[in-house]
Structure formats: C-alpha cells, structure tokens
K.L.:
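So that we are looking at the same thing, I have put the structure below in structure tokens.
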Number of protein chains: 2
Amino acid sequence: MSYHDPVTLDHDQDCPGLLPEPPAAELELACVLHALADPMRLRIVSELAGAGGDELNCLAFELPVTKSTMTHHFRVLREAGLIRQHRRGTSKMNTLRADDLAARFPGLLDAVLAAAPPCPKAVAAP
Amino acid sequence: MSYHDPVTLDHDQDCPGLLPEPPAAELELACVLHALADPMRLRIVSELAGAGGDELNCLAFELPVTKSTMTHHFRVLREAGLIRQHRRGTSKMNTLRADDLAARFPGLLDAVLAAAPPCPKAVAAP
DNA sequence: CTCGTAGTTTGACAGCCACCGTAGTACGGT
DNA sequence: ACCGTACTACGGTGGCTGTCAAACTACGAG
C-alpha cells in the first residue's frame, strides 16, 4: 500500500492534473480488499461502475458523510489503485480502473460488484 | 458482522462440537472482504483451499504469529462465514465454506484465491 | 480583484484491531 | 489423578481508521 510517485513526463503531457496512482502491475490484493471492505468506498466503486466509464466528480456521490471524509475515501481508493483521479477546473474527476483491476485480479471486481448492495439512488450526471 | 447463535438442534446432532457460524444467506460482503484483507487470514484461507476440502487443525498452519493471535484470526474467519470449525478431541478442525461462499458471492472466492500470493510452504497433514 | 464552489489539510476523537504474554480450559492418554 | 497438547480468554499495547469541524487551497466566472 505504498508506492513512489509514478507520474512520468509522458503521462503529464497526456493527462494534466492526474493524481499519483500505483501502476497496475503493483496493485496489492490485501490493499484492494481492504479498500473495498468499507461500505462507503464500496458504494463509490459501485456507482462508478454503474456510470459505465463516465467520469464523475466527487459531488456526484451523495454519500452520508462530510466532504472531508469523502476526500479521505477517494484518496484510499486511488492509492489502492481502484480509481483514477484528475483535476478538471475546480473538480476532481474520478473513473474506475476496471481494466487494470481485471488484468491484475481477473474476475475479482466483477464478483465484488455483483455481490455489492444495490445503489440507493441513480448517480446524477455532474 | 453480527449474528445470533444459529446452531439448531438438528445441526447439533449431525455435528457435535460445531462452533457457531453465520448462515450462508446472511454472509455480509464487507465482513468477508475485511476478513480476507489481512495477509495472515488470507493465507489461512488459501491453505484451506489448497487442502481440497480436507479438515486442518490450527497447528497445520505454520504462521509467524503466536497461538493466541491465530485463535483470533480463526475466530474472525469463522464469524465472517469463511470457515467452519468443529472440535475433535483437543483439536479444532477447520474447513473452508467454499460452497456457501460460491452460492452467496459467485466467483468471489475463486477470484481472491487466484489473486492471492502463493503459500510459502505446502500444508502438512495434521 | 472578489466571490462561490469544489475539494484538501489538519487536528481531534473514539473505536477498531493485529499482536503479544499470561493464565486458564478442554481433551485424551497413562 | 497427573500430564501433555491444542486452544482460549483476558488484558495490554501501539498503531490504524472512519468521522467530524474548522481553516485552508485551487479554480473559474464575473
């Protein structure tokens, strides 16, 4: 659950404002499972999966916690390698790293999403 | 992650010494994920899976922790619904509830086991 | 520049938890 | 009954963590 800042120059040019994330090959199972074991974070991941690859800013998730707690959760998800975040204006846009996760742990994300509780409400587009 | 002691009379007669466990239909994803997120517990589950349904007593797992910590880990796994335990003489025998888990969360256990680090050593028969 | 909004940092809090050591229980063999 | 072995209960420790409030930063519109 620790990694060096892997943002390369190439990456900076392709996606300005990208926040640091662990490379797919370095994702750790215990870290991913731990991140998914929190109901708030599982809900974030479920809603991102339901958005079908669309980017959602943090406000798109109407979670019953404060903004600072949401910041914490998004950070845990990013550092575990579950989500990708980049800055766009005043917003942080989030996507699920579904392809990376499937490549690293085949079937895991699908099984977790299938097992996750249904989302309380549909995600509003930002 | 809480349940009432569900041991029924029928169950008592079929398997004396069975310790309380949650019914398969009541397994909670967050609880299961949390139990699997600890490397020691993941290793226990992996070794039980590798034993192909054989019962293993607690000593069969040469984990780098004390016996009292192992007791704690086995308890977490049992209460999360991942393992079944029953007393046999002075030993506690453990099996993986693979069928229950597959029924409740299809594909999850397989994906986790496929992703888990390889066991450091083969499990000695008790 | 000001303002509003999205998001972050910081510190605090209370509960959780992996781990340990110690003393104890449960069981079976002698 | 005693003994050895498998396992547990209990208390303690230090670190972790979800959560919050308050102050702050980053950004873009006007």
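Below, read A as the first sequence line, B as the second, and so on, with proteins coming before strands; counting in each chain starts at 1.
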K.L.:
Rounded to whole angstrom units, what separation is found between the CG atom of B/L19 and the C1' atom of D/dT8?
P.N.:
11 Å
K.L.:
Does B/K92 place a side-chain N or O at less than 4.0 Å from the phosphate oxygens OP1/OP2 of C/dC27?
P.N.:
no
K.L.:
Test of understanding: with side-chain hydrogen bond (donor to acceptor under 3.5 Å, both in side chains), list the residues that count as partners of A/T66, not counting sequence neighbours.
P.N.:
A/S68, A/T69
K.L.:
Can you tell me if the side-chain N/O atoms of A/R75 get under 4.0 Å from OP1 or OP2 in C/dG7?
P.N.:
no
K.L.:
Report the residues that fulfil side-chain hydrogen bond (donor to acceptor under 3.5 Å, both in side chains) with B/H73, sequence neighbours left out, ordered by chain and then residue number.
P.N.:
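By the side-chain hydrogen bond (donor to acceptor under 3.5 Å, both in side chains) rule, B/H73 matches B/R41.
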K.L.:
Is there a donor-acceptor contact under 3.5 Å from the side chain of B/N94 to the main chain of B/L56?
P.N.:
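Between the backbone of B/L56 and the side chain of B/N94 there is a qualifying donor-acceptor contact (under 3.5 Å).
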K.L.:
Starting at the 5' end of nucleotides 19-30 of chain D, put B wherever the base has a protein heavy atom under 4.0 Å, S where only the sugar-phosphate does, and a dash everywhere else.
P.N.:
BBBB----BS--
K.L.:
Distance from B/D99 atom CG to B/R104 atom CZ, nearest 0.5 Å?
P.N.:
15.5 Å
K.L.:
Round to the nearest Å and state the distance from B/Q85 atom CD to C/dA26 atom P.
P.N.:
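Computing the B/Q85:CD to C/dA26:P distance gives 16 Å.
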K.L.:
Should A/H34 be listed as having a side-chain N or O under 4.0 Å from OP1 or OP2 of D/dT17?
P.N.:
yes
K.L.:
Just do the side-chain contact (heavy atoms from CB on, under 4.5 Å) check on B/V112 and B/L42 with the steps written out, would you?
P.N.:
CA-CA 9 Å; B/V112 170; B/L42 182 59; 3.7 Å; yes
K.L.:
Which one of A/E79, A/E55, A/E21 satisfies the salt bridge (Lys or Arg N to Asp or Glu O under 4.0 Å) criterion with A/R84?
P.N.:
A/E21
K.L.:
Write down the distance between CD1 (B/I83) and C1' (D/dC7), rounded to a whole number of angstrom.
P.N.:
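Taking atom C1' of D/dC7 as the reference, CD1 of B/I83 is at 13 Å.
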